[in-house]
Amino acid sequence: MAYFLIVVLGVLLVVFPGYRTRVISTLLGALNNGALPVVRVGLKFSSGFLSVGQLLRGLIKGLGRFVSANPLLTGGALLLVVAPSLIALALHSPAVFDFSDEHRIADRQIAVLLEGEQLVPPPPLPPEVFTSREVEMVRPDVIHASRNWNLLDQVFTQRLLVVFKLMKERHGYDMVLIEGYRSPERQAKLFEQGAHVTQVGANMSYHQYGLAADSAFYRDGKVVISERDPWAMRGYQLYGEIAEQVGLTWGGKWKMQDYGHVELRRSGVLGRGASQ
């Protein structure tokens with residue numbers, strides 16, 4: 001606040017030469033004759049403040065004339081005034097990409113689960129459930145995908161398991177891992193199939209670092225993955241909400257919507273050689 005007032009006073013002295021002259025004269029008078037002249041001048045200023053309306057009108061007119069005659073200087077002065085506030089706002093606003101593992105958990109149950117005992121991945125499903133007509137239509141190559149939980153990052157694994165647990169307990173959805181870790185070679189092959197499959201090449205997906213997974217639902221012994229199924233779409237929305245609550249990024253909000261995809265972002269990961 002003090003800095004702001006000092007900056008405003010400085011700008012007024014620069015913009016309005018008349019005020020600058022009066023202030024300098026007042027200060028010099030005080031130095032030469034003691035405090036009494038200053039008191040008198042202060043009384044004059046006090047009486048002047050009673051005519052606030054007239055003063056404001058004069059300031060607005062003078063400011064308008066100055067702005068018209070000195071646009072560059074005016075812009076610089078304005079920038080000087082607002083710069084501290086903008087800098088403070090930028091330093092305290094959230095980053096565009098929050099790569100931090102630390103995430104404020106508002107849901108107490110989720111916070112307890114993340115700090116509690118380690119959850120255990122569900123037993124693997126038979127390969128046949130991933131070769132149904134519905135799955136083949138949506139993910140024709142998913143039979144070749146890795147669903148080995150041991151190849152995933154441990155922190156990411158626990159957060160995803162919390163999502164699976166809450167989806168079942170709160171909403172009655174059984175979740176199934178469609179694809180977890182993805183090798184750079186497989187990522188490159190998917191990339192070659194076009195942007196409708198993936199928009200990033202090898203080592204540019206969190207799948208290569210065990211920090212991403214694609215999931216779907218399991219109902220009546222079948223994998224339900226189609227977005228045309230209203231039940232599944234409702235599940236994806238709930239899945240995204242819980243995933244974000246545990247600090248994961250949900251692909252359902254991307255421009256190229258990927259409803260089953262979640263990832264744990266970390267700075268400096270993408271682009272380096274795959275760790276697995």
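Since the model is a prediction, treat every value here as computed from it, not as a measurement.
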Original post:
Should Gln199 and Met204 be marked as a side chain to side chain contact (heavy atoms under 4.5 Å, CB included) after you check the CA-CA gap, both sets of side-chain angles, and the distance that decides it?
Top reply: CA-CA 9 Å; Gln199 297 183 341; Met204 293 305 294; over 6 Å; no
Tell me the closest heavy-atom pair linking [X] and [Y], and the distance in Å.
X      : Y      : result
Ser226 : Ala232 : O-CB, 3.4 Å
Gln245 : Arg170 : OE1-NH1, 4.3 Å
Leu152 : Ala212 : CD2-O, 3.9 Å
Gly247 : Leu264 : O-CD1, 3.9 Å
Val129 : Gly221 : CG1-O, 4.0 Å
Ala216 : Val224 : CB-O, 3.5 Å

Heavy-atom distance under 4.5 Å between the side chains of [X] and [Y], does that happen here?
X      : Y      : result
Phe191 : Val197 : no
Arg182 : Leu190 : yes
Trp149 : Pro122 : yes
Val223 : Glu134 : no
Leu161 : Val120 : no
Asp153 : Arg266 : yes
Leu238 : Arg234 : yes
Ser215 : Phe164 : yes

Salt-bridge contact [X]-[Y] (side-chain N to carboxylate O under 4.0 Å):
X      : Y      : result
Asp229 : Arg219 : yes
Asp174 : Lys168 : yes
Lys189 : Asp141 : no

About how many Å separate [atom2] of [Y] and [atom1] of [X], when rounded to the nearest 0.5 Å?
X      : Y      : atom1 : atom2 : value
Lys253 : His261 : NZ    : NE2   : 14.5 Å
Leu211 : Thr157 : CG    : OG1   : 9.0 Å
Ile225 : Ser132 : CD1   : OG    : 8.5 Å
Glu263 : Leu248 : CD    : CG    : 9.0 Å

**OP:** Tell me whether the centres of the aromatic rings in Trp250 and Tyr236 are closer together than 6.0 Å.
**Re:**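 No, ring centres 6.0 Å or more apart.
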**OP:** For residues Phe156 and Tyr206, establish whether the separation of their ring centroids is below 6.0 Å.
**Re:**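 No: the rings miss the under 6.0 Å criterion.
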Original post:
Do the side-chain N and O atoms of Gln187 and Thr198 include a donor-acceptor pair separated by under 3.5 angstrom?
Top reply: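 There is such a pair between these side chains.
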Original post:
Distance only, no hydrogens: is a donor on one side chain within 3.5 Å (strictly under) of an acceptor on the other, for Tyr259 and Gln257?
Top reply: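 Per modelled atom types, Tyr259 and Gln257 side chains form a pair under 3.5 Å.
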Under 4.5 Å between side-chain heavy atoms, hopping through other hydrophobics if needed: is there a path connecting [X] to [Y]?
X      : Y      : answer
Val200 : Trp254 : no
Trp231 : Ile242 : yes
Val135 : Met233 : yes

**OP:** Start with the C-alpha gap between Met175 and Val163, add the side-chain angles, then the distance that decides, and say whether side chain to side chain contact (heavy atoms under 4.5 Å, CB included) holds.
**Re:** CA-CA 9 Å; Met175 302 294 301; Val163 176; 5.8 Å; no
Subject >> Tyr173 and Phe217 aromatic ring geometry - parallel, tilted or perpendicular at 30°/60° bounds >> reply: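 Because their plane-to-plane angle lies in the 30° to 60° range, the rings of Phe217 and Tyr173 count as tilted.
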Original post:
Would Asp258 and Asp214 satisfy side chain to side chain contact (heavy atoms under 4.5 Å, CB included), going step by step from the backbone distance to the final call?
Top reply: CA-CA 9 Å; Asp258 192 352; Asp214 300 327; 4.2 Å; yes
Original post:
Does NZ or CZ of Arg147 fall inside the cone over Phe130's six-membered ring, less than 6.0 Å from its centre and within 45° of the axis?
Top reply: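 Here Arg147 passes the 6.0 Å and 45° test against Phe130.
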Flag, side chain of [X] to backbone of [Y], donor-acceptor distance under 3.5 Å:
X      : Y      : value
Ser183 : Arg186 : yes
Gln158 : Leu119 : yes
Tyr209 : Asn203 : yes

Original post:
Stepwise, does the side chain to side chain contact (heavy atoms under 4.5 Å, CB included) test hold for Val262 with Thr249?
Top reply: CA-CA 5 Å; Val262 293; Thr249 299; over 6 Å; no
